[in-house]
Amino acid sequence: LFRKLEPAPSYDPDSQLAPLAESMRDQAAETGTGWGGEVVAGADNPAIPAGYTYFGQFVDHDITFDPVSSLQRVNDPDALVDFRSPRFDLDSLYGSGPQDEPFQYDRETDNVKFLIRPNSQGMEDLPRNLQGTAVIGDPRNDENVIVSQLQLVFLKLHNKFVDQLAASGLPADQLFSEAQKQTRWHYQWVVVNDYLRRICGDTIVDARFERELTTDEAEAAGPEDEVADVDTESAITLKHYRPRNNPYMPVEFSVAAFRFGHSQIRVAYHLNEIVQNVPIFLPGDVGPLDDLRGGRELPGSWNIDWARFFVINGSTPQPSRLIDTKLSAGLFTLPNSPAPLALRNLLRGQALSLPSGQAVATALGLPALSGAELGGVLDPTPLWFYILKESELAGGLQLGSVGATIVAEVLMGLLKADPSSFINLEPRWRPTVGDGDLDLAELIVFATA
Ligand code: HEM
């Protein structure tokens, strides 16, 4: 976003970044206090149910470049170009499609539907090979059992649209592409109109759905009308992220702002009425029922009751954690990771020469908080930490101004830059699922009914 900004100063990994990362360990979560359904003051986020955390992870995997993904190795230059263009196209679901990756699809439906079969325990799970590795578009969506079951929800959503379209008489040769379009557009809708509004607030999203009046419109309008509220019926207006033909993934987003989601992760989760209080990750080699790591067949009775992750029929889901500088203990001992996640994020920011939080705030035209104002931290402050701290100082229910501006600009910018998004192809399109103001909970209920 800001190529001309100086990189933040290089801090010493051992004496400066490692202690900063360690200071982010959430002690309250580690002791388990407050876990058990009740909201812990200063730790839980009553405004964002826990399911949105993993939807954020799912979105991240759809739009970020993944060097280990099987997709990246596809030897087709066009697929490569597409894959490298960040879009809300659910390539993490579809891979490179039924032609190239038939193993993901159900041959009995002429590869129009995804293949979903009960696992060896008779439960619905992702398709897996004999060693338990998920056969899906992006292996990162089997990183933990919550995101893997969200992946399953979206496989079912596609299949559901196929059934609906077939029942309405759509010719067989159009079923896959139309169901794919419906799945993508409903997903795009909830990204912008539900998820983004929850993490950034309505004001920042609404402002980007407004545009200045044209001269003709201004003449016709009264003097008080300076902007037109165009809802989604016109192009999105952005101030900072302006990709032309080639949308790109700004490092300020992927290496800092959108990693805010790491602070939303709980120390443990209730999956359903029976399986309760299971830690997200425990250190080292653990038994199959000890933590929620993915990469293996779903253990028996671990199927998620989504009413515990989203408000469904008036349910009270477990909350996500506040967006603040505290990270759950399990993220300090990730499976297969030599370094705590907080330190990895700080080191990655430095390796990619990110500008400091203060420099980015100034470039965005926002007030920059000094290290002292941020509570006596490194000044200039690493961007990821800055974004979490500004949110924390504002109460932690949603992103602060720098974080929210970057996230809203980039997510809305990717939608705007995608020629096949609903915003560009049918700006007046509305979801066919739900009552017109679709949210993620309604979409999940539809997909899993
Ligand atoms: C249990 C859940 C999660 C785990 C274990 C996890 C773990 C990781 C790891 C290990 C990385 C690579 C770190 C590196 O640079 O070395 C990463 C990257 C990232 N994570 Fe997470 N994450 C989780 C959830 C989330 C959530 C909820 C979000 C956002 C809402 C998120 C956003 C990101 C982003 C944007 C990246 C950079 C991706 C890229 O540029 O390729 N993650 N995560």
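Counting starts at 1 for both ligands and their atoms, following the listed order. Keep in mind that the numbers below use all heavy atoms, side chains included, and drop hydrogens, waters and symmetry copies.
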- Taking only heavy atoms of Arg140 into account, list the atoms of ligand 1 that are under 4.0 Å away from them. 41 (O)
- Message: Taking Thr381's backbone N and O only, do any of them form a donor-acceptor pair with Gln358's side chain (distance below 3.5 Å, no angle check)?
- Response: yes
- Message: For Phe281, state whether at least one heavy atom is located under 4.0 Å from any atom of ligand 1.
- Response: yes
- Item | Numbered atoms and elements of ligand 1 in range of Leu334, under 4.0 angstrom, heavy atoms | 5 (C), 10 (C)
- Query: Hey, is Glu143 one of the residues with a heavy atom under 4.0 angstrom from ligand 1?
  - Reply: yes
- Query: Centres of the His158 and Tyr94 rings: under 6.0 Å?
  - Reply: yes
- Message: Looking only at the aromatic ring of each residue, does the gap between the centers of Phe161 and Phe446 stay below 6.0 angstrom?
- Response: yes
- Item | Under-4.0 Å heavy-atom contact with ligand 1, by part of Val59 that carries it | neither
- Decide, yes or no, whether a salt bridge links Lys326 with Asp324 under the criterion of side-chain N to carboxylate O below 4.0 Å. no
- Hey, is CG on Asp285 packed in by over 12 heavy atoms from elsewhere, all under 6.0 Å? no
- Close N or O approach (Gln264, ligand 1; < 3.5 Å): no
- Going by the atom numbers of ligand 1, which of them fall below 4.0 Å from some non-hydrogen atom of Tyr195? 30 (C)
- Message: Quick check on contacts: which atoms of ligand 1 are under 4.0 angstrom from a heavy atom of Thr53?
- Response: 27 (C)
- Query: Ring centres of Tyr187 and Tyr195 under 6.0 Å apart?
  - Reply: no
- Message: Take a 6.0 Å sphere around CD of Glu6 and say whether it holds more than 12 heavy atoms from other residues, nucleotides or ligands.
- Response: no
- Any heavy atom of Ile265 under 4.0 Å from ligand 1? The part involved is side chain
- Message: Looking only at distances, can you tell me whether any N or O atom of Tyr54, backbone or side chain, sits closer than 3.5 Å to an N or O atom of ligand 1?
- Response: no
- Task: Please determine if Asn144 has a nitrogen or oxygen closer than 3.5 Å to a nitrogen or oxygen of ligand 1.
- Result: no
- More than 12 non-hydrogen atoms from neighbouring residues, nucleotides or ligands closer than 6.0 Å to CG on Asn129, yes or no? yes
- Message: Minimum distance, heavy atoms only, to atom 42 (N) of ligand 1: which one of Arg344, His262, Arg348, Gln57 is it?
- Response: His262
